[in-house]
Structures are given as structure tokens and as C-alpha cells.
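Numbering of ligands and ligand atoms starts at 1, following listing order.
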Amino acid sequence: MPEHAANSVSGINIKSSQNRLLIKNGRVVNDDGMEDADVYIEDGIIKQVGRNLIIPGGTRTIDATGKLVMPGGIDPHTHFELEMMGAKTADDFYKGTRAAVAGGTTTVIDFVLPQKGQSLIEAYNNWRQKADNKVCCDYALHVGVTWWSPSVKKEMEQLVSEHGVNSFKMFMAYKDAWMLDDYELMVAMETCAELRALAQVHAENGNIIARNTEKLLASGITGPEGHQLSRDEEVEAEAVNRACVIANQVNAPLYIVHIMSKSAVKALRIARSRQNPPVYGETLAATVGTDGTHYKNACFRHAAAHVLSPPLRPDPDTPDAILQALADDDLQLIGSDHCTFHEKDKELGKNDFTKIPNGVNGVEDRLAILWQKGVNTGIMDPCRFVSVSSAAAARIFNLYPRKGRVAAGADADLLVWDPRAERTVSAATHRQAVPFNIFEGQHVVGGPQYVIVNGRVCLDDGELRVVEGLGKFLKTPPNCPYIYGGGEEMPRTPQKVDYPEPTTPNRVTNGTPTNDVSVATKQLDGMSVTSSGCSTPTGRKMREPGQRDLQNSTFSISKEMEGLDQKTSVRVRNPPGGKSSGLW
Ligand code: URP
Ligand code: ZN
Ligand code: ZN
């Protein structure tokens, strides 16, 4: 029977009833406020948010009592199927986005990185080819400007006007590979500003690294510890400052990727206070979830698995300082920089740390690690969590409010987050392609129970049911109102109000989160349902017109934690008839 005939049996829209979902009794969290509300989804779009909604019969209902309903995570920084340093990353667009969804991320932004001399459009087309039929969630693309010529400028124009790209990454490191000199960087940033696109930089001084490396190798330091020694905090902070100065000179908004140190945050804070157009800073799950002491591990496999650039810092205060910077809006986003390599590839650098392919895991555990280290410790509240892990990326890359917000009209990319769910991170249970996890053994409290991707339940009470090819390529338009003006300001001024500090016995003095599940739930129980309960107030109401004011209702987590089968996964290819967002 043709599909349209089936849809009209007895006047009931059968296909559509499979496309309906109601999430009841949860607490909806956006970056500017929370409310107790139900969320009704139809055909991949959020149709209503409120209470006492009138819902068609036959709609599947998820009871979110005691849970948080948040926008799906947006990871602004991944590297799937990337060839670099003589190796190829282990996670392709299927495995990578499957792992993303398992952890609650429903949009990724990957990097097209052309070889020196390669056409940017050709590289972009290659990436689309690698990704389009494999992605389990929506994705967008940044493009690297890894060399400079007038043809590169032309292709940047084309990428913006015809191909849905609004951000370009320039490298101040990787000398003799992707690095631009300051003149080229300046012209590339100028071009970004002309195109009303966003310039991104990898901020490390590539010349200093090159010289330090020569000296380290000459002195016999060839192991992974040499990686960190060749590029200390100052090398990162100097480049952050220089990138900000160059951007300011050409009046270009700037986004600094993977900020890894206290010194770099300090340089960024100074620049942010003095300059307009804006500068944004991204940090990584790796930075808040682990540290640079691992480079000294006697096991090469272990130490090399932590090698990324800029490196993890040995200063034990770094993770907490970075979390605080995220909470205080000195940093605006957290990504993963997910870039995994198999052991055999890391071994390319067995006798020379400069040959260890750079990259770590993070796409799957980014949200859980941030929740554990940031929310369970009381450093940030759930609204700020949503901001740095989802909404800020949507705003900056011009996907907001379609993405990064739970509101009528937005894409139904949602999490039902259980603040009581406990698990121990391990390569034995993760979905990423490599048998190593930099967060191995860490106990986390809080995780996704349901993950909804374009209206489809892809993590269903812990069971992973991703659909290969379900995701779409998201065009990111230029002239983003949050960056170039004309739109609402992103929440910037943090206010610590009405959010209970964790009690002393529950918080270890160095900020280490407790494993006591009651801490997280106690904190949530104590929160009032007002926008002032969030650290990023904007004065905007998140309530939609016609919805009840539930600001005085209480939120209590009473349900027992439910066991999640973290390993179960169902791989489904696109159903016949295309990318329906039906709820199977
Ligand atoms: O070490 C890293 N970060 N690898 C990925 C490439 C990059 O610089 O982002
Ligand atoms: Zn980089
Ligand atoms: Zn990266």
C-alpha cells in the first residue's frame, strides 16, 4: 500500500502518530532559565512546551519525573575520519556520531582540513562525501585555511555563499604543515570579517615549538613528556594574545579553539575586556577531566594516548580554574576536539614524540564529565551547563534557536537527563572506536536516559538505537546576529544567585566531585524554578505565550536510579522512504 494511503486509514494519520512524542513531568532547562513543563514533539520539531497540553491519542509518552529536559549537546569541535601526521582518526562519521548520541550530543561541528595547496572546495566535498550518509545526528562544518593564496580567498567566498560554511580555522602551530604566518593570518582574518564569517585560531607559537623541539630531541628527550615540554603555557598564552591583537587590528570577531591553560585564559580575559568585535574561547572536556601528569606515565601507550595540542597541563589547579572560567564566562564553550588514533598509529612516535599523532577522545563523555566536574561540585548550575555545552555553540555558529534551545519551533534534539544515573567511564563500555579512554575509571553521576535526535528516540532508556544517515548537514549562514550585531546578546554576565553551594563534607577541598549521588540531587532539589536560578540571566522569559507560570513549583527527585545498559546498541540504516523521523 502506498505510504499516503496508509496514512489516511479511518481518517487517522498513522504515520504521524509514530512521529509524536510527549515528554512529561520533567524540568526544562535552557541557558537562561528553567521551568517544570511538558514537551510535545511532532515530525522532528518541538511543537509545544508547557503544562496541560492537548495531545493527540496514540502519542508515545516518556515520563521525565525527577529528570531534566535539556537541548541536546552541540560539540563544536570534532575530527572524524581525519588524516593527519601519517595516520587516520579511528572514529568515522558513523562511529563518532553514534558515540556522540550515546553521550547526549545531537549536533557536531567537524573540521574540513585541506592539505597545503589543496582546493578548499575539493576538501569540503570530500568531507561531505565521508559524512552525509553516515552521520547519526546533524552536523555542520568549519573549514581550515591551511595555506594562503588569492584562490583560497575566492574559495572562502564560495564556501560561505554557496556551501553553508560560516567559520574558518587558522593554525598558528603545526609549522611546515598547516601553520600560517602572521601576515597570512591577518589577511585570512580580514577575509573572514569581509565575509561576515567567524575566524577561529589554534593558538600556539609554532616557531617556538619547533626550536624547543630541536633542543629537546638533541638532549635525548624523545618520549611523550617532550610534547608538553616543547610547548608550555606561555607558548599558548603568547599566541592567544597575538591572535587577539591581529583580530583587533582588522576588526574581525575571533573564536579561539581548545584553550588549555590558565595563562591562556588570562590572556583571553584581558583581550575580551579591551576589544570589540568579540572574542570567544572554547575549552575541552579533556582539560577539565584529566591533566598533564599522564605524560610522565612510564607506559608509552598510556602517555601517548593523552598527546594533543595544545597539551594537557601538569599544573593540578588547571581543571578547576578552567571550570571556573567556564562558569564566569571567561570561556564560553566546551568541545571535545575528539580525534582518536589507534595504538599502532600513536606508535609512529615511539622514538620521537613529534611523530605521535595528536588527539584524544571526548565526544561521548563530554557532557557527563562536565556535569560531574562542574555541576556536581557546585561550580556551575544546569543553565550554565546548557549554555557552554550547547546553546553558546548554536548562537555563535548561527544555528540558534533551531538548535540549542527547548522551545516551540526548535528541532527536537533533546536530552532527558537523569541527575542520579551513575556509571564508571571505561573503554570497555564506551562506543568510541579505540580501546582507550582518557577518563578511564572516573565515576560520574548524571547522564542521559533518553536522547532524541530530530524527534527520534535514539537512546531509549539506555538502549542505543542510532540510525546511520539520520543526520543532516546543517548550513551555517554568515552574518550571525550574535557576533555581528542586530540580535539578542548572548547571556554574558554571570550572577551567582539562588543556587545552593554544596555542603562542605560533600565537596573535597580541591574541587573533586563526590561520588555521593545525594549531592547532585540535593543541589537540584534546592533550586527554585526561576530564571534567577541560573548563572546566565538575560531577562528573557523562556515561557512560551499561553503557558502557565510554574515558577513557584518545586522539583524533587524521588525516583530510584534506573540501570542503564550502556553497551546495547541497535544500528539501523535509513528506512525505505528516506529519513523519516518516526519514533520506532
Ligand atoms: O591535538 C589535536 N588538537 N588534534 C586535532 C587537531 C587540532 O589541532 O585541533
Ligand atoms: Zn587545533
Ligand atoms: Zn581539533
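Coordination check, His202 versus the Zn ion (ligand 3): failed, since every N/O/S atom of the residue sits at 2.8 Å or beyond. At least one N/O/S atom of Lys169, from backbone or side chain, sits under 2.8 Å from the Zn ion (ligand 2). Here Cys339 does not reach the Zn ion (ligand 3): none of its N/O/S atoms is less than 2.8 Å from the metal.
Between the side chains of His163 and Gln158, no donor-acceptor pair of N or O atoms lies under 3.5 Å. With hydrogens and angles left out, the side-chain atoms of Asn133 and Tyr94 include no donor and acceptor closer than 3.5 Å. Using a 3.5 Å distance cut-off with no hydrogens or angles, the side chains of Tyr482 and Arg395 do pair a donor with an acceptor.
For atom 3 (N) of ligand 1, the nearest protein heavy atom (residue, atom name, distance) is Asp337 OD2, 2.6 Å. Regarding atom 7 (C) of ligand 1, its nearest protein heavy-atom neighbour is Lys169 NZ, 3.5 Å. At the shortest separation from atom 1 (O) of ligand 1 among protein heavy atoms lies Ser309 N, 2.7 Å. Ranking protein heavy atoms by distance to atom 4 (N) of ligand 1, first place goes to Asn358 O, 3.1 Å.
Thr78 places no side-chain N or O within donor-acceptor distance of the main-chain N or O of Phe80, the cut-off being under 3.5 Å. Under the 3.5 Å distance criterion, the side-chain polar atoms of Trp148 are left unmatched by any main-chain donor or acceptor of Leu180.
The minimum distance between the Zn ion (ligand 3) and any N, O or S atom of His77 involves atom NE2. Within Asp337, OD1 is the N, O or S atom that lies nearest to the Zn ion (ligand 3).
Less than 4.0 angstrom separates some heavy atom of His79 from each of these atoms of ligand 1: 5 (C), 6 (C), 7 (C), 9 (O). Set against the non-hydrogen atoms of Tyr174, the atoms of ligand 1 under 4.0 Å away are 1 (O), 2 (C), 4 (N), 6 (C), 7 (C), 8 (O). For ligand 1 and Leu308, the ligand atoms under 4.0 Å from any heavy atom of the residue are 1 (O). Under a 4.0 Å criterion applied to the non-hydrogen atoms of His202, ligand 1 contributes the atoms 8 (O).
Considering all non-hydrogen atoms of both residues, Arg431 and Ala102 come closest at NH1-CB, 3.7 Å.
Annotation: cation-pi pair Arg128/Phe473 present, NZ/CZ under 6.0 Å from the ring centroid and within 45° of its normal.
Ring orientation note: the planes of His142 and Phe111 are tilted relative to one another, at an angle of 30° to 60°.
When ring centroids are compared, His338 and His79 stay outside the 6.0 Å threshold.
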